[in-house]
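Notes follow once the structure below has been shown.
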Amino acid sequence: MTGASVQQEQPSAQKWAIVLHGGAGIINRSTMDRKTDAEYRASLGEAIHAGAAVLDCGGSSLDAVETSIRILEDNPLFNAGRGAVFAANGRNELDAAIMDGATLHAGAVAEVTRTRNPIGLARAVMEKSPHVLLSGSGAEEFSIYAGLEQVAPSFFFTERRWQSLLKQLQEEGMPIPSRPAGAPPPPAMPIAEIEPPDAHKFGTVGAVALDRRGNIAAGTSTGGTQAKRWGRVGDSPLIGAGTYASNQSCAVSATGTGEYFIRLTVARAICALVQYKGLKLQAAVDEVIHKELAALHGDGGVIAIAPDGQMAWSFNTSGMYRAKLAEDGKREVAIYSDEP
Ligand code: ASP
């Protein structure tokens, strides 16, 4: 019998906890209107309470992570699922990963276009396939085989992300793809009058949770970076880069320019600092984000949780959509860097 299974079979008196992010980036009070600010906070609150409800009923950290992320994927405010950014070819190409800290089992998908909730597909890869990471058409095929809800690619379309793509492609002198089949007709009035301007390139979502059994889990879901090309895959679905969980150390979900997070294997590096150097969780996340990531001029942030209930977040951008809640604790929802 392994240490991990002993831990699973002997529930501890551990109190549950959960932390979420909804992306990091240039998110300033000056460019955010009150209504949008309130919508983000309400959305984060809804997602964290849904995950917390799972944990409060004795559910697993994996279920809590998946529950919260599904809600954020379905919310067009975030760059995951519906509301994802567009690749340069005019498609929403979605990435997601999930990891179970008790067993080190993990599942991930890259470049999927038809599964309504990519986090559910990542979990199916973990539980119903012998593999860890599936991509593109093979992942779509597996999604159908696993019986997951399929949608037309236009399900993920949002006007503001489309306009944001067109703006970037025009600025960069790149070819403009045709409007996706099935997308609603273009609006008559300029997009700025329909929706307030915002740092809409951001909004990757992630969750880390600790359940009453003392098990932790992590998950991340994203549309990646806007105008990405050539089948680009970021850090989010790469185990150890954007997502990692081990009961021996901590669970981490990242957001930011994925190329830097891949080079630094950010999530695993944080876990290694906790496991091998004995760092406190906050010290470990700060070390990697404010020293290692900053040294490479990378931008972004992470959320993390440890089996003893420590919760942490760290980011080097002007904002990160984020929330945390622990059993018997007060809910915290924040956006800007000047908030606690
Ligand atoms: N990390 C994501 C990626 O590079 C994007 C983000 O978090 O904003 O795909």
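Numbers here are sequence positions counted from 1. Computed from heavy atoms alone, side chains included, the values below leave out hydrogens, waters and symmetry copies. In listed order, ligands and their atoms are each counted from 1.
Within the structure, the closest approach of Gly23 to ligand 1 does not fall below 4.0 Å when heavy atoms are considered. Using a non-hydrogen distance threshold of 4.0 Å, Gly256 registers as a contact of ligand 1. Using a non-hydrogen distance threshold of 4.0 Å, Glu259 does not register as a contact of ligand 1.
Taking OG of Ser43 as the reference point, atom CG of Asp74 lies at 11.5 Å (rounded to 0.5 Å). If you take CD on Glu111 and CG on Leu94, they are separated by 10.0 Å, rounding to the nearest 0.5 Å. We find the OG-CG distance between Ser164 and Leu169 to be 9.5 Å, quoted to the nearest 0.5 Å. To the nearest 0.5 Å, atom CZ of residue Arg114 and atom OG of residue Ser154 are 9.0 Å apart. We find the CG-CG distance between Asn247 and Leu104 to be 8.0 Å, quoted to the nearest 0.5 Å. Between atom OG1 of residue Thr255 and atom CG of residue Asp299 there is a gap of 9.0 Å, rounded to the nearest 0.5 Å.
Any N or O atom pair closer than 3.5 Å counts here, and Asn79 shares no such pair with ligand 1. Close N/O approach between Thr257 and ligand 1 is not found [any backbone or side-chain N/O within under 3.5 Å]. Residue contacts with ligand 1: Gly258 is placed with a nitrogen or oxygen under 3.5 Å of a nitrogen or oxygen of the ligand (distance criterion only).
Contacts between Arg232 and ligand 1, counted as non-hydrogen atom pairs separated by less than 4.0 Å, involve the side chain only. Residue Ser236 touches ligand 1 through its side chain alone, judged by heavy-atom distances below 4.0 Å.
Near Thr255, meaning under 4.0 Å from one of its heavy atoms, ligand 1 places the atoms 6 (C), 7 (O), 8 (O). Near Gly234, meaning under 4.0 Å from any of its heavy atoms, are these atoms of ligand 1: 9 (O). With ligand atoms numbered from 1 in the order given, ligand 1 contributes 1 (N), 2 (C), 3 (C), 4 (O) to contacts under 4.0 Å with heavy atoms of Asp235.
Taking the centre of each ring, Phe157 and Phe86 come in below the 6.0 Å mark.
Remark: the Asn215 side chain and the Asp100 side chain contain no N/O donor-acceptor pair separated by less than 3.5 Å.
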